[in-house]
Amino acid sequence: MRKGESIVAHFDWTLFVIYIILMIMGLSTVYSTAYNEDHPNFFDFSQKYGKQVIWVGFSLFLGLLVFLIDSDIYRKFSIPIYLFTLVLLVIVLFMPPVNGARAWLGIGTLGIQPAEFAKIGTALLLSRVISSVNIKQQTVKTVLLANSIILIPMALVLLQPDAGTFVVFTSFLFVMYREGITYDPIILKLLNGIPGFKFKETWVGTHFIPLLFVVVFLSLVTLLMSNEILTFDAFPDLQIAGFWVVMLSLSILAILIFLILRFMSSRRDRNRVVLIVIIGYILAAGLVSTVNFGFQGLAKHQKDRIELFLGLKEDPDGEDYNRNRAMAAVGSGGFLGKGYNKASVSSVESNHVPESETDFIFCPFAEEWGFLGTIILVFLYMFMLLRIIFIAERQRSSFNRIYAYSVAMILFYHFAINIGMNIGFAPVIGIPLPFFSYGGSSMMSFSMMMFILLKLDSQRREDLQ
Amino acid sequence: MNLDGRKYVIIIVTLLVGIIYSIRLFYMQVVDETWTLRAQEIAEKRKEITPPRGVLFDRNKKKIVSNRTYFNLMMKESEMKNFDTVAFAKLIGWTREEVRERFKEIVKGEGTYRNKHTGKRSSNYQKIRAYPFLKEMTLEEIATIAAHLEDFPGFYEEVTSMRSYPYANGANIVGYLSEVYREEIDEDPFYKPGNNMGRAGLERFYEKELRGRKGIKYIVTSALNNAIESYADGKYDTIAKQGPPLNLGIDIILQAYGEKLLANKRGCIVAIEPATGEILALVSAPTYDPNLFIGKRNISKNYPKLLLDPSKPLYPRPLAAEYPPGSTFKLLNSLIGLQEGVITPESGFPCNKSVVGCHNHPSAGNLADAIKHSCNPYFYAVTRRIIQQNKEKSVFVDAEIGLNLWAKYMHSFGLGQNLETDITGLRPGSIPDANYYDKWYGHHRWAFSTIRSISIGQGEVMLTPLQMANVAAIIANRGWYYTPHFVKSIGQDGPLEQFKKKHYSLVDAKHYSIIVEGMRRVVHEAGGTGRRAKLKDIIVCGKTGTVQNPHGEDHSVFVAFAPMYKPKIAIAVFIENAKGGGGLWAAPTAGLMIEKYLTRKIMEKDREKIILEANFSGIK
């Protein structure tokens, strides 16, 4: 730090202001939702809103501490920080379960959720590891290392079990994709072991995010079709299972791609084209078959959950209770909402929407502020995410950039899944809405994540020297 | 490899999610109503408050039907804790099995609803809803239980309102209430399971007025179905409004007295105030105590009993029983004869017993005396003149014209058709016309001689006691009537429109005086058939009737009004199977009724004693 220069000289006020606005909106929503007539005081610490005030205050204090520490610390100490969070994740597995999951460390309300902090540790170490890799010379070792950093906490989180955080960890895939991490070293090692194969690179290894979308899309289509049986008016005796329709479409698509590629490619490449299309077709068919028969083989209650999510089944008062109540709350908000403290479906008192001050806090907000409120909230999150990506892209150090992307993608996941489950677009997995939901661990971990980012960004120029 | 482009992939994915979510939110919150309706279904409950029903007053402002508070013992399964079946059974005085059975019944039967689309019924039982475990308990009954209810969480008492009858009279007039059926709930959204509805009498006819207006309270309820707060600060709530009181023309003292007089007899008394058409009393004997029909438990116990009773206490005789009017009918034939000009007050016909039987009396030289003696041959001759006016050569064609003319007159007296009074269960009686006899004998195959029994009110002529009383009222009014009705006013409003319209008979007012004079002679002159109706200071005008009954003893009939000038009461008394003519039983009964109504005292104690002791019920 240069002498005489303020600690906040290159502070990104824009991001900070959005962060503060979201936190205030969250606080007001928690107050409205958990409002208790006997304890009207906002600062009544026996109430959730009072506690949330403490969490916010404590988070800002943590933020100040983070800011007083030199940014270099986070890179240098990323390994101990990561290991520390891993140790916490292991310890938490020996704690008594709360609501069926061993996610809490500590007693009662004073507990923390190590899983929330593990995201920071993972983000820091991943940034350090990837920033030290020469992208052009990736080896099996580096790829495995980068992936292990993510997979270890994922495995530990799954043991709690905490499906929500488990899913959130896959956000690092986007970061790796952005940084050019490729699975080619592993794929090539396997593929080129087959006689006659001599690939230098594969599309699959480098473009795994688009591939991910293809896989998800194919799986969804297969699931949607797996219970269908198509009949034709012209041929009354003909019945085709949905699975075969998918397979048939896939075959036709493969033939088309094959013809196009063969027509366009040179004579020398033709054999390769045949090979690629055949391998691609086999993999796709394998995926469709696995999803289809895997789904058929699932236990009834598991099948039910998937069918509910896909909208193939309705059970508004049973299995689908949470999502149905949440959507009713959101949808009934109308354009202007029911007014502050007027939520009738999602207030804690009415209790129709469970966890309405934590994971489902979007419900009371949407119910009370209507579309006007929700569009502003979506806009604020969008603005925040794009701002972080913008910040990421202006970093000179790759460590900073990777960390910033990690933050952006973690927040993006939380935003997309949390709001998605309120509007029927995402399965109900409990993860908090960043800066908004009631809860100390999430508030503190997201704040720390944010302040580390702000700190790194404010010192970005020093990396030149 | 150009990694820089990949930041756009991420930006686009982020933006895409933001845009899709915005569109989705717009659709869910602004465009699509589904979720708003769903939210209402979930959290907003319409709570209906059923007001007490309107009460009924008699003409002297005596409350004859009022409301009384009863209690339901409610249960809510979700709040039940450590339920001790044995202790609970002991508390309410049941066996353990009975308690279990009742639970099963509630779970299976209570709160069933019909799916509007499929029409299928299914049990709507929910643990978080309250259902009545015991219904309609009196204060005394609930008091012993209520003290121990705190040992049984999930059970509590709820107030409900039911009828009470300060006088045990007029059951056939007021009717009774019972719980609505599922079909009725489906038909009229006003009713909810457990609501009551008027089943007979005035309770049924004035159901829409008496039930009042339900109060609707919109409340926000929690997932456990507990009320949290009123919705929108009660902006949309409406207050329950009790139905307006019905002020009846009934004199409950007279009604009670009439019921007393007809004890141990089958028959009717109908009394009407001629000037207004208000029904003063409508006695149907045998009758029943309206208190037997309070609440589900009483009804299910007593209704089958009364329904199967061979004396038919539930049958509304004054409205529905169609009797031949007997000699009382001679009054009408006289009036028509006068109007048609086929007789004059001075017309005399010999008592020629060869055409039709008669008792021994001097031949009547004028109409008034003929009425006094109730001379059958005289009225045979009168009616013959009406029917056979010799307008046509053919006696058959002549009779056809004559009978239709006669029937037209009769209809103008409210006969042969429903008197549209404010009670259900009316029958029209029967006034035969040409079509009627054509069906029996064939077209132009009958003449007066064939149908002569109509001249003395026998044969095909049928009247209900209400119609008979109305005839008395028409004569008392000298030619007109208001449709008889029970309700003088509904709250502040007067009677229904149809009761404000005067109906005129086709007989001019001037012809009535001689008939009235004849009726006076019936009661007040020596040789009159109805002298037992005579009162000391009041001139009673009446006419006896003895209805021949092929199945048993003759029926005793008397129609009358009093006083002669400015009549206050018109009355018809019909006593079935009375051993003796109209003069013997019906006339004194009518006299006592008139005395009771006009003086509130009974001077003729001996007469009263005889009537009270008479027993024609067939049961000694």
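Every chain is numbered from 1 and lettered A, B, ... according to where its sequence line falls, protein lines coming before strand lines. Computed over heavy atoms, backbone and side chain alike; hydrogens, waters and symmetry mates excluded.
Counting heavy-atom neighbours within 6.0 Å of B:E150 CD, excluding the residue itself, gives a total of 12 or less. Taking a 6.0 Å sphere around CZ of B:R96, one finds it holds 12 or fewer heavy atoms contributed by other residues, nucleotides or ligands.
Only the side chain of A:V378 comes within contact range of chain B, with heavy atoms under 4.5 Å apart. With a threshold of 4.5 angstrom between heavy atoms, A:E393 approaches chain B through side-chain atoms but not through N, CA, C or O. Interface remark: A:F335 contributes backbone and side-chain atoms alike to the contact with chain B (heavy atom separation under 4.5 Å). In this structure, the portion of A:I375 lying under 4.5 Å from any heavy atom of chain B is its side chain and not its backbone. The parts of A:I423 that come within reach of chain B are both its backbone and its side chain, each placing non-hydrogen atoms under 4.5 angstrom from that chain. The part of A:M382 that comes within reach of chain B is its side chain, from C-beta onward, which places non-hydrogen atoms under 4.5 angstrom from that chain. With a 4.5 angstrom heavy-atom cutoff, A:F371 touches chain B via backbone and side-chain atoms both. Contact of A:Y177 with chain B is made through backbone and side chain together, with heavy-atom distances under 4.5 Å. Neither the backbone nor the side chain of A:A392 comes within contact range of chain B; no heavy atom of the residue lies under 4.5 Å from a heavy atom of that chain.
B:L134 places none of its side-chain heavy atoms less than 4.5 Å from the side chain of B:F71. The shortest side-chain heavy-atom distance between B:Q242 and B:N67 falls under the 4.5 Å cut-off.
Highest contact tally toward chain B, considering only A:A366, A:G333, A:P210, A:A328, is held by A:A328 [criterion: heavy-atom pairs under 4.5 Å]. The most heavy-atom pairs under 4.5 Å with chain B, out of A:G420, A:G339, A:G337, A:A329, come from A:G420. Comparing B:T34, B:L15, B:V31, B:D32 by how many heavy-atom pairs each has under 4.5 Å with chain A, the most go to B:L15. Between chain B and the options A:I389, A:V330, A:I209, heavy-atom pairs under 4.5 Å are most frequent for A:V330. For the set A:M409, A:K338, A:M327, the entry with the most heavy-atom pairs within less than 4.5 Å of chain B is A:M327.
Only one option out of A:F362, A:F415, A:F365 pairs with A:F436 in a ring-ring contact (aromatic ring centres under 6.0 Å, His included); it is A:F365.
A donor-acceptor pair is defined here as one N or O able to donate and one able to accept, closer than 3.5 Å; such a pair exists between the side chain of A:Q395 and the backbone of A:I391. A:E367 contributes a side-chain N or O that, together with a main-chain N or O of A:V345, makes up a donor-acceptor pair within less than 3.5 Å.
The aromatic rings of A:Y340 and A:W369 are tilted relative to each other, their planes meeting at an angle between 30° and 60°. Taking the six-membered ring for Trp and thresholds of 30 and 60 degrees, B:F155 and B:F83 have nearly parallel ring planes, at less than 30 degrees apart.
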